[in-house]
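Just so it is clear, the model here is predicted, and its values are computed rather than measured.
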Amino acid sequence: MAVLPFRLLTAATTGLSFSTSVCLSRRHRVTGGGRFVLSSLSCRAASAAGGPITVTGDPPTFVSAPGRRIVAVGDLHGDINQTRAALVMAGVLCPESDGHVWTGGQTVLVQVGDILDRGEDEIAILSLLSSLNMQAKSQGGAVFQVNGNHETMNVEGDFRYVDPGSFDECIRFLEYLEEFDGNWDEAFVNWVNVSQRSKEEYRASTNGDWLPLNFVKKQKGFAARASLFKQGGPLACELARHPVVLNVNDWIFCHGGLLPHHVQYGIERINTEVSNWMQGLSEDTDDPDLPFIATRGYDSVVWTRLYSQDSVERTQRSWNLCSVIAEQTLKSVGAKGMVVGHTPQTRGVNCKCDGKVWCVDVGMSYGVLNSRPEVLEIVNDRPRVLKEQRDSYDEMEVLDYL
């Protein structure tokens, strides 16, 4: 797991802080709520934006990012090319195909889950976001990820939606990891820089064909993926560093949606329980509330489609009810709005529930709709949609809803 440069603050050091490198490894927990601010270099870079970014919780649950531009990106599903296109559009990634350089300055980027499945470059995307996060912090920005249902499914061992190429990537990544003598941090962050070349070399080899009767290769790929994503496995622990529900500047980011009974159960409690479960730290795994309320069931945080379902599938009464529920939920946590993914929006990023909920999954992956990337930008609590230019336009189309 990547080492994150934070300055740890405790009640005893209010007003005084010391620099340290905190590695949020799979066995490392922070007591007392885990409140962090970015390193001193980041703080200097952030001064113009109104102060340093403060992160509370482990995994992160509450983020205070004064004066920051926030960009939300929807489901990526293993498509590295569309991921790059979306990040370039958001202004946070260098447009050079081989230049994985953060260009967002003090921007806060939030990806709302479902990086896994349906595409063949999942680990490369995880690696890219981790690398960008490290770069962003040096400039006063940050990158956050929220786990979706496909992340929890893979930790459960449900590989039904895995692209054959992703099994290959798991094999290749494990072989690459051996070259670093177990140095996970370096291998993981650097993978995005070598994954494409590794893929080309692998496909050119005698092992590169994924034939229906190649049972040996299938077994090897399945075993490689299981070892990485099983509870306590290295990629499961990497996912465990990320929350299920994230509050940034009083905007809620989650994959499916936050409902009143989730708030009553406790957002930090949900994040902690899912993280512990992914790390294999939970002793009572038979308890349905661990982590049932977040990861299983039609009304769980990562599965609910209450807010994101297409309007043609709803009655007006149903939409009115959704709006009331969204308003109650946001009011209970003191939030201004909610941003969700999970359900592909055929008409692009849009707002529902009387403007309370923004749906940012546009199905951009080639494994879903292969649609044009779109991202949501929030500046001074004003959301707007950034879209790729269309054939009839000469410039990027920007729709300002509020």
Side-chain angles (χ1 to χ4, degrees), residues 55-63 65 70-77 108-116 129 142-153 155 239-275 277-278 289 291-309 322-323 325-345 349-353 355-362 375-376 378 383:
V55 182
T56 304
D58 180 21
T61 302
F62 300 98
V63 178
I70 303 173
V71 175
V73 178
D75 304 30
L76 301 175
H77 282 302
V108 173
L109 170 68
V110 183
Q111 197 282 324
V112 296
D114 275 12
I115 292 173
L116 302 184
L129 293 178
V143 177
F144 295 97
Q145 297 169 228
V146 173
N147 286 320
N149 60 302
H150 283 268
E151 280 72 49
T152 62
M153 288 167 66
V155 176
L239 295 176
R241 296 176 56 245
H242 308 301
V244 175
V245 182
L246 182 68
N247 183 323
V248 182
N249 290 356
D250 295 327
W251 281 80
I252 298 295
F253 297 85
C254 53
H255 184 65
L258 189 68
L259 302 175
H261 68 283
H262 302 149
V263 177
Q264 185 177 12
Y265 190 80
I267 295 175
E268 286 187 280
R269 180 182 177 186
I270 288 174
N271 285 340
T272 299
E273 289 182 354
V274 174
S275 179
W277 168 73
M278 287 182 165
D289 286 335
F292 186 90
I293 195 170
T295 64
R296 299 186 182 96
Y298 70 93
D299 61 349
S300 64
V301 178
V302 302
W303 279 103
T304 182
R305 300 186 192 272
L306 180 67
Y307 304 128
S308 58
Q309 193 174 9
C322 289
S323 182
I325 294 174
E327 183 175 9
Q328 291 178 347
T329 303
L330 293 173
K331 184 177 180 180
S332 67
V333 294
K336 304 163 186 172
M338 189 184 309
V339 180
V340 302
H342 191 40
T343 306
Q345 306 294 304
V349 174
N350 64 90
C351 59
K352 292 181 169 66
C353 301
K356 303 177 185 69
V357 180
W358 287 83
C359 304
V360 297
D361 177 15
V362 296
V375 299
L376 180 68
I378 304 174

* Whether Ser275 side chain and Ala240 backbone form a donor-acceptor pair below 3.5 Å ->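 Checked: pair present.
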* Asked: Okay, side chain of Thr272, backbone of Arg269: is any donor-acceptor separation there less than 3.5 Å?
  -> no
Check whether any side-chain heavy atom of [X] sits under 4.5 Å from a side-chain heavy atom of [Y], and report yes or no.
X      : Y      : result
His255 : Trp303 : no
Val63  : Leu246 : yes
Val349 : Val362 : yes
Ile325 : Tyr307 : yes
His262 : Val245 : no

* Would Glu327 and Lys331 count as a salt bridge (charged side-chain N to carboxylate O under 4.0 Å, His left out) if you check the C-alpha gap in whole Å, the side-chain angles of each, and the deciding distance to 0.1 Å? -> CA-CA 6 Å; Glu327 183 175 9; Lys331 184 177 180 180; over 6 Å; no
* Without hydrogens or angle criteria, can the side chains of Lys352 and Ser308 be said to hold a donor-acceptor pair below 3.5 Å? -> no
* Report yes or no: do Thr152 and Thr295 form a side-chain donor-acceptor pair below 3.5 Å? => no
* Minimum heavy-atom distance between Ala335 and Ile252, given as atom pair plus value -> CB-CG1, 3.7 Å
* Provide the full list of salt bridge (Lys or Arg N to Asp or Glu O under 4.0 Å) pairs with a residue in residues 244-260, sequence neighbours left out, each pair given once. =>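 Counting only pairs at least two positions apart or across chains, no salt bridge (Lys or Arg N to Asp or Glu O under 4.0 Å) contact touches residues 244-260.
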